[in-house]
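Note that this is a predicted model, so its numbers are computed, not measured. Atoms within a ligand are numbered from 1 in the order they appear, just like the ligands themselves.
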Amino acid sequence: MKKNPNVAVVGATGAVGEAMLRVLAERDFPVREVRALASARSAGLEVAFGDSALLVEELHEGSFSGVDIALFSAGGSISKEFAPAAVEAGAVVIDNSSAFRMDADVPLVVPEVNPDDVAWHKGIIANPNCSTIQMVVVLKPLHDAARIKRVVVATYQAVSGTGKKAVAELLSQTDAIRRGNLPVSEVYPHQIAFNVLPHIDVFRDDGYTKEEWKMDVETKKIMGDDSIAVVATCARVPVLVGHSEAVNIEMESALSVEDARSLLASAPGVALVDDPAGNAYPLAIDAAGKDPSYVGRIRRDATVEHGLAMWIVSDNVRKGAALNAVQIAELLL
Ligand code: 25A
Ligand code: L14
């Protein structure tokens with residue numbers, strides 16, 4: 001990879017695309033030129049990149065000439081349609097959609113967990129699901145120390161994961177209800193304001209949602225260990241930014257609460273916030289706009305032999321999508 005690559009952001013006007021541009025600028029990623037691509041709807045608009053503004057161009061097959069790294073976040077169908085053209089043009093694609101994550105020849109990478117997997121890419125590297133990323137960053141050091149056999153997780157996911165229109169829907173429903181008007185639901189099948197929906201992504205035949213299934217299969221692939229059993233319940237809550245997760249793990253060998261805390265206090269990408277006496281634990285509003293995966297409420301789970309329970313929170317748009325993708329691009333350099 002060149003020292004000063006040309007970078008394209010596909011879906012540059014979306015929640016994740018805008019964050020990708022922000023993170024590239026904040027981290028002084030050594031770009032030569034950045035191209036902002038989106039649908040015809042957004043062509044001609046401007047998006048911010050550091051102190052400058054980029055003109056948004058309509059995405060087409062010829063958009064990738066001269067591009068070295070293409071960051072995709074415009075949904076799975078756009079990735080399937082245009083990632084091959086980007087690879088053909090010589091770019092490495094870092095794809096945030098679920099289109100290629102489980103393909104055997106596509107690495108699925110969280111830089112704190114499996115950075116070496118970047119090496120065997122054949123043009124496409126997949127960025128995992130947001131809920132999976134923030135969890136594996138915390139589980140990896142515990143797995144290395146005591147081998148995790150089983151994970152039981154319940155998520156409390158923010159609306160920004162669905163994109164800007166879901167953020168607008170939560171705000172407008174909240175406003176409507178406060179004014180005594182009828183809330184309108186267009187993005188989600190039910191009212192999200194003042195409610196909790198046990199439904200993220202689509203339902204599968206086995207009764208789980210695709211989001212719950214992703215947490216299982218993606219965790220195994222990223223950690224490189226098919227023996228880890230994962231069962232998830234994923235819920236949408238009326239939070240703007242920051243996914244929260246209640247995670248219970250069963251390990252093969254003993255690991256005390258104190259040892260888990262000290263391992264996590266020095267783990268890359270992890271921030272420990274665990275002082276119950278001072279009411280200190282990870283919160284979505286504190287994680288928003290920040291990089292780490294926050295962990296706290298670490299305590300013994302005495303229902304199994306070697307068990308721990310914890311609470312994990314991270315910014316789903318940053319570490320869950322944009323930041324992780326830019327960190328992968330940094331590994332390519
Ligand atoms: O398939 P997946 O993997 O499940 O992903 C589905 C969606 O989830 C988001 C992301 O939405 C993605 O599209 N997403 C994926 N992974 C995520 C993660 N880890 C994640 N979100 C959080 N965490 P998004 O809203 O973030 O980004 C959408 C971007 O994609 C662009 N896009 C859409 N179709 C395109 C396209 N780009 C090129 N070609 C196409 N055919 C989209 O650009 C956006 O940048 P846009 O131009 O369509 O929208 C620009 C503005 O217009 C508004 N808008 C959107 N839809 C409509 C609309 N306005 C009017 N009518 C509409 N139908 C948007 O609000 C935006 O401001
Ligand atoms: O990346 O929160 O697979 O609605 C798909 C569901 C991203 C989040 C993915 C949501 C997710 C999205």
query = Hey, any chance V110 and L264 share a hydrophobic cluster, counting ILVMFWY side chains that come within less than 4.5 Å of each other, even indirectly?
reply = yes
request  = Look at ligand 2 and say whether R101 reaches it with a heavy atom at a distance under 4.0 Å.
outcome  = yes
query = Relative to the heavy atoms of K214, which atoms of ligand 2 are at a distance of less than 4.0 Å?
reply = 3 (O), 5 (C), 9 (C), 11 (C)
query = Under 3.5 Å, is there a donor-acceptor pair linking the side chains of N129 and S98?
reply = no
inquiry  = Which of the numbered atoms in ligand 2 are under 4.0 angstrom from any heavy atom belonging to G161?
reply    = 2 (O), 4 (O), 8 (C), 10 (C), 12 (C)
ask   = By number and element, which atoms of ligand 2 are closer than 4.0 Å to a non-hydrogen atom of N129?
value = 1 (O), 3 (O), 9 (C), 11 (C)
query = Do E218 and R101 meet the salt-bridge criterion of a basic N to acidic O distance under 4.0 Å?
reply = yes
message = Tell me whether T162 has any N or O atom under 3.5 angstrom from an N or O of ligand 2.
response = yes
query = Any luck finding a side-chain donor-acceptor pair between S131 and Q157 under 3.5 Å?
reply = yes
query = ligand 2 and Q157, any nitrogen or oxygen pair closer than 3.5 angstrom?
reply = no
request  = Consider only side-chain N and O atoms of H190 and N195, and report whether a donor and an acceptor are under 3.5 Å apart.
outcome  = no
